[in-house]
Amino acid sequence: MHLKEIELDNFKSFSRKTKIPLLEGYTAITGPNGAGKSNISDAILFVLGPKSSRVIRAGRLTDLVFNGGKEKRPAKECKASLIFDNSDRLIPIDTNEVKLTRLVRISDNAEGYYSYFYVNDKKSSLGEFDNLLANARISADGYNFVQQGDITRIVEMTNLERRRILDDIA
Amino acid sequence: MHLKEIELDNFKSFSRKTKIPLLEGYTAITGPNGAGKSNISDAILFVLGPKSSRVIRAGRLTDLVFNGGKEKRPAKECKASLIFDNSDRLIPIDTNEVKLTRLVRISDNAEGYYSYFYVNDKKSSLGEFDNLLANARISADGYNFVQQGDITRIVEMTNLERRRILDDIA
Amino acid sequence: KKVGFQRIFGAINENFTKIFSELSGGGEAELLLENEEDPLSGGLIIKARPKDKKFVRMEALSGGEKSLTALSFIFAIQAYQPSPFYLLDEVDMFLDGVNAENVSRAVGRSSKNAQFIQISLRKVTLKEADHIIGVTMQREGITDIVMKPNIGDIPDTPPETELKL
Amino acid sequence: KKVGFQRIFGAINENFTKIFSELSGGGEAELLLENEEDPLSGGLIIKARPKDKKFVRMEALSGGEKSLTALSFIFAIQAYQPSPFYLLDEVDMFLDGVNAENVSRAVGRSSKNAQFIQISLRKVTLKEADHIIGVTMQREGITDIVMKPNIGDIPDTPPETELKL
Ligand SMILES: Nc1ncnc2c1ncn2[C@@H]1O[C@H](COP(=O)(O)OP(=O)(O)OP(=O)(O)O)[C@@H](O)[C@H]1O
Ligand SMILES: Nc1ncnc2c1ncn2[C@@H]1O[C@H](COP(=O)(O)OP(=O)(O)OP(=O)(O)O)[C@@H](O)[C@H]1O
Ligand SMILES: [Mg+2]
Ligand SMILES: [Mg+2]
């Protein structure tokens with residue numbers, strides 16, 4: 001199984017519908033400071049970590065919606081989709097491709113938001129979505145996601161905190 | 001006033017008597033990871049910050065004594081000297097050159113240590129030494145010393161901690 | 001519960017020692033429990049000795065050495081619970097050229113069995129990758145991307161020239 | 001006491017805004033007090049807007065942008081209480097090539113009036129410096145140094161070739 005494509009729609013600094021194709025093997029993502037590289041990582045965690053306490057740097061989920069950049073109007077909702085090649089059926093769904101989508105819409109009073117999940121473009125509950133991720137072992141809580149700053153955090157941990165990392169794995 | 005030379009004797013990874021000449025203007029120090037670059041910074045803080053809580057990464061002062069490297073025997077004492085050009089008399093001593101030295105000797109029972117201070121090779125008390133630094137405004141507590149990791153610390157501070165930085169300056 | 005912890009600890013420790021030796025070109029490292037009979041009452045100590053040096057407390061290691069040690073620990077955990085894909089965001093920041101290259105070569109080897117996406121500003125990392133995604137921001141604060149797949153097949157265009165790094 | 005604080009805050013804020021604009025090539029930043037009437041009962045907020053972007057909470061800035069903001073804050077404090085010499089240890093770690101070069105050019109300008117020693121692994125920094133000290137460790141765990149003064153005077157030997165970086 002591998003990630004074939006990421007589709008972003010008004011997610012953080014990606015204002016237009018942006019498709020990011022990915023291939024198997026070793027991909028490097030590069031570019032200047034503030035260009036949007038970690039925002040791509042945030043999009044992946046946004047979809048794969050709906051219940052995760054993993055900091056997406058946004059104070060609130062609504063901060064993930066494109067804020068208008070320099071001169072445009074802010075968007076009302078943001079959407080991120082991950083398209084996986086599932087020929088090995090690692091995700092327990094009987095299709096060769098699985099598309100996982102999450103959408104956050106700012107509510108009209110601008111105070112709250114709506115959060116929706118879709119599997120292959122069909123609406124799904126948070127519970128079903130989360131179960132799917134856990135079964136395929138691609139949830140955002142794993143150590144396969146190393147965020148900018150995680151190295152420093154591990155270096156500065158106390159011995160007790162470090163041992164608790166192993167507890168959580170057990 | 002500028003720093004003309006640093007002399008290190010069995011200080012951390014500098015086992016032989018090492019003289020590091022310095023010129024006015026902009027000096028860059030470079031080299032591989034673990035080569036000893038930050039150890040030079042530690043030596044400067046060791047001399048200029050005898051009362052400072054500034055972490056020199058050593059758990060105890062005796063950790064600053066050359067530990068033998070790969071195959072040599074550990075040393076019994078370490079010494080670091082800073083030689084300043086004092087033609088402008090910024091340091092209140094009437095010599096064109098001022099040498100500030102600090103020495104730490106491991107006591108024979110290997111439990112404690114002796115700490116000595118010298119100004120122009122004459123023994124000085126901690127109090128006199130500290131006063132001299134304060135008068136010349138070259139003590140290690142200032143913001144003119146930015147250690148590896150200080151940037152991250154400032155980024156991750158709370159707003160209250162940041163305001164207290166300004167309190168301390170006042 | 002304690003038996004489960006010991007088994008995990010043993011497996012991760014073995015991975016950690018092997019990976020650190022690889023990344024540091026011959027150094028030694030191991031994980032130790034503060035309390036061996038009752039692990040859950042004490043912490044986990046990381047002991048590391050870069051090549052040709054004495055063991056020092058982790059706090060006395062250089063910035064780059066600490067970073068390499070922490071990264072070996074993360075890789076050791078990853079090896080214990082393998083995943084089909086990995087995302088690494090600027091893990092080579094504190095490393096000099098040689099260490100950063102060791103890391104990207106290790107990632108290159110592991111990428112035969114899993115998909116790796118590594119965000120990096122370092123040329124030595126970019127040159128080990130199979131594919132490169134260039135991310136830039138236009139003047140209106142909107143991100144643009146450009147993808148160069150299979151860069152190994154292009155004989156004479158180093159990727160960084162293309163992306164004006 | 002409160003008057004003293006206001007004066008310091010005003011001076012450092014002015015330095016901060018000017019320095020951030022310089023280092024970020026045109027961005028804006030300022031310091032704000034959580035409690036303006038009673039500063040000592042609230043914290044200090046840093047607000048920054050990189051060039052061509054909207055203001056976002058500092059937590060939403062990129063790694064490099066946060067680092068540039070923090071460095072501008074440090075430089076602002078330094079400008080308030082000048083010293084005859086400065087020591088900077090790897091402050092350009094999180095910065096891309098353009099930002100690291102802005103920082104080393106700013107250091108170059110300030111070094112006309114004070115002595116600057118900057119520890120760095122970045123070529124863009126080394127090329128702005130007047131003198132270079134190369135630090136290496138021999139196989140027995142002992143540090144060696146080599147000094148190249150006045151590198152600006154050597155017309156065709158880029159420093160990094162000499163040090164095999
Ligand atoms: N909701 C939003 N709408 C538009 N832009 C946003 C939004 N949230 C964050 N940004 C912008 O995204 C940028 C951060 O991008 P990101 O963290 O991906 O950078 P990066 O490429 O990882 O940089 P670095 O190399 O410094 O880590 C910030 O400049 C911020 O202004
Ligand atoms: N008392 C000591 N005796 C001998 N060597 C020591 C002693 N204390 C520390 N060291 C060695 O000094 C090295 C650290 O050096 P230093 O922190 O100066 O590296 P650095 O050049 O700043 O590297 P980086 O680029 O990774 O920050 C460590 O490898 C450590 O083994
Ligand atoms: Mg980033
Ligand atoms: Mg260092």
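Letters A, B, ... are given to chains in the order of the sequence lines, protein chains preceding strands, and every chain is numbered from 1.
- The most heavy-atom pairs under 4.5 Å with chain C, out of A:Leu22, A:Val155, A:Ile20, come from A:Val155.
- Using a 4.5 Å cut-off between heavy atoms, A:Asn33 touches chain C through its side chain atoms alone.
- Judged by distance alone, the side chains of C:Asn102 and C:Arg105 never bring a donor and an acceptor atom under 3.5 Å apart.
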Step by step, work out the salt bridge (charged side-chain N to carboxylate O under 4.0 Å, His left out) result for A:Arg60 and A:Asp63.
CA-CA 6 Å; A:Arg60 305 159 294 178; A:Asp63 289 348; 3.5 Å; yes

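- When atom types are taken as modelled, the side chain of C:Ser72 and the backbone of C:Phe16 share no donor-acceptor pair closer than 3.5 angstrom.
- Looking at A:Ile83 and A:Glu97, their side chains come closer than 4.5 Å, going by heavy atoms from C-beta outward.
- Counting heavy-atom neighbours within 6.0 Å of A:Lys99 NZ, excluding the residue itself, gives a total above 12.
- Taken from NZ in A:Lys17 to CG in A:Asp9, the straight-line distance is 4.5 Å, to the nearest 0.5 Å.
- A:Arg16 and A:Asn10 are not linked by any side-chain donor-acceptor pair at a separation below 3.5 angstrom, with hydrogens and angles left out of the test.
- Only the side chain of C:Ser83 comes within contact range of chain A, with heavy atoms under 4.5 Å apart.
- Both the backbone and the side chain of C:Leu88 come within contact range of chain A, with heavy atoms under 4.5 Å apart.
- Contact annotation for A:Thr158: neither backbone nor side-chain heavy atoms come within less than 4.5 Å of a heavy atom of chain C.
- In this structure, the portions of C:Leu71 lying under 4.5 Å from any heavy atom of chain A include both its backbone and its side chain.
- Residue C:Arg139 touches chain A through both its backbone and its side chain, counting heavy-atom pairs closer than 4.5 Å.
- Expressed to the nearest 0.5 Å, how far CG of C:Leu31 lies from CG of C:Asn13 amounts to 4.0 Å.
- With chain C as the partner, the residue from A:Gly142, A:Ala136, A:Gly69, A:Ser41 showing the most heavy-atom pairs under 4.5 Å is A:Ser41.
- Counting only heavy atoms from C-beta outward, the side chains of A:Ile165 and C:Ile77 approach each other to under 4.5 Å.
- Here the CE atom belonging to C:Met137 is positioned 7.0 Å from the CG atom belonging to A:Asn39, to the nearest 0.5 angstrom.
- Contacts between C:Glu140 and chain A at a heavy-atom distance below 4.5 Å involve backbone atoms as well as side-chain atoms.
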Could you walk me through whether C:Phe85 and A:Phe145 pass the ring pair (Phe, Tyr, Trp, His ring centres under 6.0 Å) check?
CA-CA 9 Å; C:Phe85 87 107; A:Phe145 294 100; 5.8 Å; yes

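- Highest contact tally toward chain A, considering only C:Gly108, C:Ser104, C:Gly141, is held by C:Ser104 [criterion: heavy-atom pairs under 4.5 Å].
- Considering only heavy-atom pairs separated by less than 4.5 Å from chain C, the leading option among A:Glu24, A:Arg162, A:Lys70, A:Lys19 is A:Arg162.
- Residues of residues 113-134 of chain A never come closer than 4.5 Å to chain C when only heavy atoms are counted.
- Looking at C:Asp144, the atoms closer than 4.5 Å to chain A (heavy atoms on both sides) all sit in the side chain, from C-beta outward.
- Contacts of C:Ile46 with chain A are made by both backbone and side-chain atoms, with heavy-atom separations under 4.5 Å.
- For a residue to count as touching a neighbouring chain, one of its non-hydrogen atoms must lie under 4.5 Å from one of that chain's; by this rule C:Phe75 does not touch chain A.
- With a 4.5 Å cut-off on non-hydrogen atoms, C:Ile8 touches chain A through its side chain but not through its backbone.
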Trace of the salt bridge (charged side-chain N to carboxylate O under 4.0 Å, His left out) decision for A:Arg163 with C:Glu34
CA-CA 10 Å; A:Arg163 197 220 69 232; C:Glu34 276 177 347; over 6 Å; no

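- Counting heavy atoms of neighbouring residues, nucleotides and ligands inside a 6.0 Å radius, atom CD of A:Glu7 exceeds 12 of them.
- Of the atoms belonging to C:Ile12, it is side-chain heavy atoms, and not backbone ones, that fall under 4.5 Å from chain A.
- For A:Leu8, no part lies under 4.5 angstrom from a heavy atom of chain C.
- Between the C:Ser120 side chain and the C:Glu90 main chain, no donor and acceptor come within less than 3.5 Å of each other.
- Formation of a donor-acceptor pair under 3.5 Å by the C:Gln115 side chain with backbone atoms of C:Pro84 is not found in this model.
- With a threshold of 4.5 angstrom between heavy atoms, C:Thr69 does not approach chain A through any atom at all.
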